2 protein chains.
Amino acid sequence: MAAPTPTSAETVADPATPAFSPLYQQIKGLILQSLQAGEWKPGEAIPSEMELAARFRVSQGTVRKAIDELAAENLVVRRQGKGTFVSTHAEQHVRYRFLKLVPDSGAPEDLPAERKVLECRRTRASAEVARALQLRTGDPVVQVRRILSFAGRPTILEDIWLPGNTFKGLTAEQMAGHQGPTYALFELAFGVRMVRAEEKIRAVAAEEPQAALLALKAGAPLLSVERLSYTYNDVPMELRRGLYRTDGYHYRNELS
Amino acid sequence: MAAPTPTSAETVADPATPAFSPLYQQIKGLILQSLQAGEWKPGEAIPSEMELAARFRVSQGTVRKAIDELAAENLVVRRQGKGTFVSTHAEQHVRYRFLKLVPDSGAPEDLPAERKVLECRRTRASAEVARALQLRTGDPVVQVRRILSFAGRPTILEDIWLPGNTFKGLTAEQMAGHQGPTYALFELAFGVRMVRAEEKIRAVAAEEPQAALLALKAGAPLLSVERLSYTYNDVPMELRRGLYRTDGYHYRNELS
DNA sequence: CAGTGGTCTAGACCACCAA
DNA sequence: TGGTGGTCTAGACCACTGC
């Protein structure tokens, strides 16, 4: 910008933005819009800081601070000398970004989670599922039930609910056959990027239908992990309820 | 610094720092040293950015970036118009910084955790405890066992192990009688600030001695939360093993 | 080598807070 | 009112990457 009025909103390229907030926040918002509009696909590079600075008519430092925040939220990844890239669940250095279950014996290793899809069908949202996914009760949803095995042993029994409209046409074959994390499949096949998630964790006793699937006796303690995943703009896009065996594995968390 | 050699280490005030890293990282290290040396106590303000810039002979922007990182790690808290303050577990806006158990029914509320100390004694480190706390087997440790009750119901049974030398003289009366979080007591009485922690979470079945203390039948599922807390410099200072009831409460976690 | 992100500076001004 | 953190700029140089 030419005139020294850094805090005024109107100086920004896109006049539709009404916010009165720091310039870098507005820039962040604009980049975010391009991100969710799909202007740059997951794994691709976004324009360089200089380009963005020119596009938005602000200094490089301001763009930099905007991207800093996006990087802190794991929406983009910076690579020195190369550029800034849209985050993706594929080719993530940590194979499973949202899975915090690790073997008791040190390193997460490769965890070549074998997937077995038990069920994948269109159904209607229960009241509980509807509330979580911000749908109406009875709206179409896709439900998937599967078992993940580590080192040949069934370890996680998972139920997944997805909004039926967005995930129209998801098949058991896709869920079973794809490479890499399931969230990578969602990116490629449905253009849905899970950006953050909240988990509610409880200890529960295995009940009979599930216990058998995990090769356990009824009553055995299991970790119940209920995960609600969000895309951009805090839109919930997936509800997951996992039952984790924690003999030999544990859920690892870092606090600060 | 006068000459434009920003990346060289020797230009920094304290010549003892050998690192070859960005200037702001070195500054961060120096502030960190003052922090752990107790130059500023928890809750107190650290010098202003301008003062620190003058002390270290760098620009305000460089100090700023150093403090940014410290703030991101929750070691200090910035308050616009007032200053930057050393973090403390007392007067934390979230009463319990490391406790992620919340009631199923929405708001964390006040959670007036009633504490009942069952045991507080000096003993010797088992192999397992010694390994976690980086002591030798048989070294003196203080062990505390207590029950936390929420809304009058015993909910958490906790065993705590602390290095005996640092926590010499910790009494059951202190553990029971202090105001606010236990970590605030540790700051005040022993000058130990817990800065980050790692947790390993498992589902276990309640065994007999513990089940009774939590008013449960043996075999009931419990969340086992093993927490290793660190002070500055990644020195482990506390091992905690909690058994959480998760009927009515859950462990809440955010992923990104 | 050119292009990218990363660091550092110096100076201006803003927003907030307390006396 | 003066001091604090917060924002923004413009320009210089460094470190890494790939051609």
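Nothing here was measured: the structure is a model prediction, and the numbers come from that model. Chain letters run A, B, ... following the sequence lines, proteins first, then strands; residues in each count from 1.
We find that CZ of A:Phe56 is positioned 14 Å from P of D:dC8, with the value rounded to whole Å. Atom NZ of A:Lys28 is separated from atom P of D:dC8 by 13 Å (rounded to the nearest Å). For the pair B:Gln26 CD and C:dT7 C1', the computed distance is 12 Å after rounding to whole Å. Residue B:Ile67 contributes atom CD1, which lies 12 Å from atom P of D:dT4 at whole-angstrom precision. Note: CD (A:Gln60) to C1' (C:dG5) measures 8 Å, nearest angstrom. The nearest whole Å value for the distance from the CD atom in A:Glu49 to the C1' atom in C:dG3 is 12 Å. In this entry the distance linking CG of B:Leu52 with C1' of C:dC8 reads 17 Å, nearest Å. D:dC8 atom C1' lies 17 Å from atom CZ of A:Arg57, rounded to whole Å.
Proximity of B:Ser48 to the phosphate of D:dG3: no side-chain N or O atom is located under 4.0 Å from OP1 or OP2. Within the 4.0 Å cut-off from OP1 or OP2 of D:dT7, at least one side-chain nitrogen or oxygen of A:Lys65 is found.
Looking at which nucleotide of DNA chain D each of A:Thr62 and B:Met50 is closest to, the 5′-most match is held by B:Met50.
Which of C:dG6, C:dC8, D:dT9 sits closest to the side chain of B:Leu23 comes down to C:dC8. Checking D:dT9, C:dG5, C:dA10 against the side-chain heavy atoms of A:Ser59 singles out D:dT9 as nearest. Considering only the side chain of B:Pro22, C:dT7 comes nearest among D:dT4, C:dT7, C:dG5. Minimum atom distance to the side chain of B:Tyr24 is reached by C:dC8, of the listed D:dC8, D:dT9, C:dC8.
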Give the intermediate values and the outcome of salt bridge (charged side-chain N to carboxylate O under 4.0 Å, His left out) for residues A:Arg196 and B:Glu254.
CA-CA 8 Å; A:Arg196 65 177 194 88; B:Glu254 305 210 342; 5.1 Å; no
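With salt bridges taken as basic N to acidic carboxylate O contacts below 4.0 Å, one links B:Arg227 and B:Glu199.
You'll find the ring centres of B:Tyr183 and B:Tyr96 outside the 6.0 Å limit. Between B:Tyr249 and B:Tyr244, the distance separating the two ring centers is not shorter than 6.0 angstrom.
Proximity of a side-chain donor or acceptor of B:Ser87 to a complementary backbone N or O of B:Asn74 within less than 3.5 Å is detected.
Residues satisfying the salt bridge (charged side-chain N to carboxylate O under 4.0 Å, His left out) test with B:Arg78, not counting sequence neighbours, are B:Glu49, B:Asp68.
Between B:His89 and B:Phe98, the two ring planes are perpendicular [angle over 60°; tilted spans 30° to 60°].
Within residues 68-86 of chain A, the residues that place at least one heavy atom under 4.0 Å from DNA chain C are, in residue-number order, A:Arg78, A:Arg79, A:Gln80, A:Gly81, A:Lys82, A:Gly83, A:Thr84.
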